[in-house]
Engineer: 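Here's a structure for you.
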Amino acid sequence: MIESHDGWLRDEAGRALILRGCNVGGDCKTPYRKDNALPSPDEFYDYAKASFTGRPFPEAKADEHLDRLARWGFNVLRFLVTWEGLEPKGPGLYDDEYYDYIERIVAKASARGLKVFIDPHQDVWSRWTGGDGAPAWTLEKVGFSLRNLHRSGAAFVHEEAGDPYPRMLWPANYNRLACATMFTLFFAGDDFAPSLRIDGQDAKTFLQGHYIAAVARLAGRLAKYDNVIGVDTLNEPGDGFIALGDASRLQRALTKNGPMPSPFEAMMAGSGYAVDVNVFGVRRGGQRIIGQARLGEAGLSAWADNGDCIWRKEGVWDEVSGKPKLLKPGHFGSVRGRKPNFVSDYLQPFARSVGEAVSKAAESKRFLLFVESVPNQEHPRWLNSDNGKTGIRGVVNAGHWYDGITLLLKHWSGFLAYDPETGRFHFGPRAVRRYFAEHLARIRRHGLAAMDGAATLIGEFGLPFDMNGAKAYRSGDYRLQVDALSAYYDALDASLLSATVWNYTASNTHARGDGWNGEDLSVFCRDDYAAGRSESGNPADAGGRALRGFVRPFARAVAGTPTLMRFSVRTGKFEFEFIPDASGNSSQIFVPAIHYPQGFSVSVKNCSYSMDGISGGNQIHVLADEGSASCRIVIRRTVP
């Protein structure tokens, strides 16, 4: 049983845990298909026939993939599921074949010592709004026409637009009508669309009720597996239109890329009033307006049967003298006479509801609750006293972090970084690495200060493997990716953070990437596997990309409090220090073979050690000397 307190995850023996793992996997966002080519329109819209059984890997190949993940030193998996996969056909219609499949994969992970926490994943609401997550019927229940969402400008959908997908355009869907409407209804439908009733309930009660029930049902099924440590509340939630004070202006965006409508422009386009909106792109100095584009088609509505827009029914806008007019620009900026706060008013109560439902479904097992917020915005708060109310063991600050310049531009130089929270650019290798470490430390401090001492696990970080013109695909040389990943892991080590890299996609290919919106961030590639490419020279590692960047030595369990962890990918020198407790328990350090082809030496201070060979390398067991105030372990590469 793992608990979260005093800034650390701790096991039953009280040892501080550092979990280093992987998201499995990127293709879990889409139904299982033998290849990752785009589905035909008929297949895309016939959602009742879709199945997620086989994600993250076909069951016949699961042992091979899980063995590889364990060999690389990972000790935790962030296991992606989607609400669509759990409840695909309609309210209360669960896919038990998918639930059964998840159970079997979790059991296989357990046999390899891999801990698991479940991530109910979404990006920009659903596949039909340009992302993944929610079932199609949620959109239909509020009145949207699935087939009109793309053409009306209510969403930008890869399956409709075809290839090539514009680079990193999908986050802009958070500002389009469909996604923004759904998140507003999901979190605050009772406040902002009180006249909307779905099966006799307000939109918030209906949508949250079905989502939470599906997730809790899975938690109940998995409670018997000791390796399942917790459940995420919801991946990267959106705040929709909530708290926007002026619907006539573009006031916030996860990223500004491509056509970016204001809320009112999004509503107009979605109701068949084609509108010209600003187009943003990356220029010197940041994301700027680079032109205008037409959003939507005249006379084509995103609403089924040309029905009225929800927000028109709520009086936000109406047609006056034949033209749309904004009547209540501040509709989303005030609730009961005050400005709403998305985190405290909506996200935190939602997270508590997830915790309560998961705890009830799991009965005797108490899960950790991994809590996220809107990326780059205010973080959620939590009190340990809330744990007793929800029945969970504790919360984990599960925020995400990405090197935005590299992610957005698909280019790594190591000389430039951008901090989205401060709006500052950082120039030069040393400044860039300092920024990486400082930003991650900032996330950890939030868990300590605002979440009552919660441990932090960075739920996502990573980089596009097709960066710098996908040169690595032609050469097989992933040294640039190794440099970037090493910089990221160095920053994690500086704050002694747990983390799960994004991601491992079993179906990844050079042509189709991770099979979703043009992304290609998988540490495994099927093409490299087929070519027998192995950076380590060991056939067991074939298919792994930039292994030296993420397969690293790290302390897994510490009988005391870690104080320093540092590794040089260039020299192979690993340093670890900790303050031992009085338990007499041993600490474990994973040492991967890939960095020590000729072996290694170990020197210790105030402690002794022993060593076991394990898959992928060695595990060192460290025992503190009696009465020692601190312990130090140094590993050095043997040079022939």
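Predicted model, so just to flag it, every value in this text is computed and none were measured. Just the heavy atoms: all of them, side chains too, but no hydrogens, waters or symmetry mates, feed the values below.
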Engineer: Knowing that exactly one of L457, V231, V396 qualifies, which makes a side chain to side chain contact (heavy atoms under 4.5 Å, CB included) with F117?
Structural biologist: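 Result: among L457, V231, V396, L457 is the only option passing the side chain to side chain contact (heavy atoms under 4.5 Å, CB included) with F117.
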
Engineer: Is the W125 to F186 ring centre distance short of 6.0 Å?
Structural biologist: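 Close enough - the centres of the two rings lie under 6.0 Å apart.
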
Engineer: How long is the span from the CG atom in L463 to the CG atom in L521, to the nearest 0.5 Å?
Structural biologist: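 Rounded to the nearest 0.5 Å, the CG-CG separation comes out at 6.5 Å.
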
Engineer: Is Y402 close to P375 at the side-chain level, that is, under 4.5 Å between some pair of heavy atoms?
Structural biologist: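 No - every pair of side-chain heavy atoms lies 4.5 Å or more apart.
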
Engineer: Centre-to-centre under 6.0 Å for F436 and W401, is that the case here?
Structural biologist: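 Under 6.0 Å, so yes.
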
Engineer: Pick from D163, D27, D35: which one makes a salt bridge (charged side-chain N to carboxylate O under 4.0 Å, His left out) with R512?
Structural biologist: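 Passing option: D163.
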
Engineer: Parallel, tilted or perpendicular: which describes the rings of F183 and F187, with under 30° parallel and over 60° perpendicular?
Structural biologist: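 Rings of F183 and F187: parallel, as their planes differ by under 30°.
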
Engineer: Do the side chains of R78 and D232 get close enough for a salt bridge, i.e. N-O under 4.0 angstrom?
Structural biologist: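 Yes.
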
Engineer: Return yes when atom CG of D96 has more than 12 non-hydrogen atoms of other residues, nucleotides or ligands closer than 6.0 Å, and no otherwise.
Structural biologist: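 Counting other residues, nucleotides and ligands, CG of D96 exceeds 12 neighbours.
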
Engineer: Does the gap between the ring centers of W311 and F192 come in under 6.0 Å?
Structural biologist: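 W311 vs F192: aromatic centres not under 6.0 Å.
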
Engineer: Is the NZ or CZ atom of R127 both under 6.0 Å from the centre of the six-membered ring of W516 and within 45° of that ring's axis?
Structural biologist: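 So R127 doesn't make the cation-pi contact.
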
Engineer: Taking the six-membered ring for Trp, is the centroid-to-centroid distance between W502 and F461 below 6.0 Å?
Structural biologist: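 Centroid separation for W502 and F461: 6.0 Å or greater.
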
Engineer: A quick test of your reading: do over 12 heavy atoms of other residues, nucleotides or ligands sit less than 6.0 Å from NZ of K89?
Structural biologist: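 Result for NZ/K89: open.
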
Engineer: Are Y165 and W170 near enough that their ring centres are under 6.0 Å apart?
Structural biologist: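 Not under 6.0 Å, so no.
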
